[in-house]
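Heads up: the structure comes next, in structure tokens.
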Amino acid sequence: MRATVIAAFFGVFLTCTYTAKEATKKTKKAKLYVPQIDCDVKAGKIINPEFIAKCPPGCQDVKHRVYGTDIYASFSSVCNAAIHSGIIDNTGGKVLVQKVAGHSGYRGSFSNGVRSLSLPRWRESFLVSEGKPRKGVTYPSTLEYSSSKSTAVKSAAFSNVLNFASEPKKPEQDLKGTKSADTANTSEKASDQGDTARKEHRTTPGPTPATEMATTTPTPTTTTTEPSTTVPQPTTTPAAPRTTAAPAKARPGLHRGRDMGSSSVHPAYASVVAAAATMEIDSWKPGLSLFDTGFTSKEELNPKPLEPISQGNQNCKVDLSFLMDGSWSIGKRRFQLQKRFLGNVAQALGIGSAGPLMGIVQYGDDPSTEFNLKTYANSKDLRNAIEKIQQKGGLSNVGKALSFVNKNFFLDANGNRGGAPNVVVVMVDGWPTDRVEEASRLARESGINIFFVTVEAAAQSEKQNVIEPNFVDKAVCRTSGFYSINVPSWFSLHKVVQPLVKRVCDTERLACSKTCLNAADIGFVIDGSSSVGTGNFRTVLQFVANISKEFEISDTDTRIGAVQYTYEQRLEFSFDKYSTKQDVLNAIKRISYWSGGTSTGAAISYASEQLFSKSKPNKRKIMIVITDGRSYDDVSMPAMAAHQNGVIAYSVGVAWAAPDELEAIASDPAKEHSFFVDDFDNLYHYVNQLIQNICTEFNSQPRN
């Protein structure tokens, strides 16, 4: 009996031991499968909030952009960020990625062979660490990606010539500048008939292509869209509902006479509508539909508890503020036309959380925000809100309004996304009653792209009242009229909806406009040695001219200077010598070939002393050295001194130029700041590349 019990005990023991071993084997077999990603995959494209991925070899490349240090903006390359942080090297490896909240600033740095760029702000960040699972966390074996962008066709070059239909001349005004009541009434009746005719013949807009639906998971996820550089195709927009005006009221003193009506009192928003309108669209939450047709369907007439939320036109990701003219000069009727125009622009833009966001500031004596960027996340709600705006009245203090927007509008708390270009469109009836040049300059230096839409310029008898003649040219980047549109009449404003939308959505041009606007003191250091020769020297000057003409040149914008050198140095012209583009181009053409030896190091020191020591504090200092041979003196020490004094140096070598010297002259990383061509005739190949590099690194270098 005792033997039987002992045998049974050992049998149970062996069975338990076997079972435990088998369980252990199964546990060991359940290894984590790590998905592989490509070098160019950005963290924001992956929905999973935390994941482990395997990076392939060869991701250490400048084309895989990285933004930040330690904490990276989500449109950075995951693998190159991991190399920058030292988690892996260029042979690849496993990386643990954790999504975190967006930051108000990302600092660029050079680490582990990777140059990361700076960024003012971005809505989402991520951390990288060694690719080992954290205890208690389950990692996906398959990564979920956000929906791909619809294929977009880049628009052709936009013509700046606007063919407006001829408008009747403005009625003559009395000494006070007011129109006669009879003329105003006749004009409005004619306008109403014209508007009615246009409304009857206007076509109904077709739906825009629906965006693909993104896969979502119960875990809170993030979808981040990289800024786009394409432009939406034009669509026909319906006229906004007409508003019945209230009886006319007396007005205070005017700077300009117009019809004297007043708009009706603003009704209070219903609590439910207000709550929905002010709710910030949070892309971390799952289950949001990406469907938005861009027009009102029959189903939308019956509200549903869960309305699909539009992601918007992802090909036009801008943060946009309209400065709406609410002065008394505009009058009741034209104020309604302005609201209709803004509503049509909102519809044409395709407002959405992953596309353009739009807020409105109304100005008169003082500016005030009607609603900010995060208040409305679709075109329909935005248009309804615009219809409810009341006219403020007062003067046309545009300069004060621009200062207000610069300091108060583009804040994180107001929905500014950081990665999207900041754009201000200023509506002006006639002319401003204060100065705009200084306020515009400060706004541009903050990275704000300013557009002006001016309607009905001052009549001959009114020009004496204009405080700042040519105020538009002083306020915007004067590049081929791209940033300004003049409309002869408020009744033809509807014609510029699509032209304005095209310009505002040209994000590629906006990205470089910062450098053109705020920009730089650019000093060319030109090799005039004997080995260059007269013919090649003229080719070099053409190269200098081709770069210079791409920048907006004035006292408050980009300034150009030039030094020619051999054994000696000669200041051809300083930054403050010429303040117009044509004068600069003429001065470059007049530079005479010197001929002699090659002392590039001494030339860099000379340029630092004679050009850049006199640069304005708020200007970027950019030196472009062009040489065709090895220098007779040391270039590394003068170049290092220039770098330490805030000069961003580019080197352009031709023919017999020494590669090691080109790298020593160039700012870090040398790969992005040095160029080489085997023949002078091939210099033109690097014009666009050099300009693009200057634009790209605008935020990656600290101000002087």
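Looking only at distances, no side-chain donor or acceptor of Arg620 sits under 3.5 Å from a matching main-chain atom of Val647. Looking only at distances, a side-chain donor or acceptor of Gln60 sits under 3.5 Å from a matching main-chain atom of Gly113. Distance alone, capped at 3.5 Å, places no donor-acceptor pair between the Asp429 side chain and the Asp325 backbone.
SG distance check for Cys59 and Cys39: under 2.5 Å.
Checked options Ser529, Ser530, Ser531; the residue passing with Ser595 is Ser530 (criterion: side chain to side chain donor-acceptor pair (under 3.5 Å)). Among Thr580, Leu585, Ile560, Asp583, the single residue meeting the side chain to side chain contact (heavy atoms under 4.5 Å, CB included) criterion with Ile553 is Ile560.
Residues Asn449 and Asn422 bring no donor and acceptor atom of their side chains to less than 3.5 Å of each other. Residues Asn546 and Glu550 bring no donor and acceptor atom of their side chains to less than 3.5 Å of each other. At a cut-off of 3.5 Å, with distance as the only test, no side-chain donor of His84 or Ser76 sits close to an acceptor on the other residue.
Salt-bridge formation is detected for the pair Asp660/Arg630: a Lys NZ or Arg NE/NH1/NH2 atom is positioned less than 4.0 Å from an Asp or Glu carboxylate oxygen. For the pair Asp521 and Lys621, the salt-bridge criterion is not met [side-chain N within less than 4.0 Å of a carboxylate O]. Ion pairing of Asp668 with Arg115 is present here, as a side-chain N (NZ or NE/NH1/NH2) and a carboxylate O approach within less than 4.0 Å.
In summary, the aromatic rings of Tyr578 and Phe573 are positioned with their centroids under 6.0 Å apart. Residues Phe75 and Trp122 bring their aromatic ring centres within 6.0 Å.
Ring pair Phe451/Phe482 is tilted by interplanar angle, where 30° to 60° counts as tilted. Using a 30° and 60° split on the angle between ring planes, Tyr650 and Phe675 fall in the parallel class, below 30°.
By the 6.0 Å and 45° rule, Arg570 stacks over the aromatic ring of Trp594.
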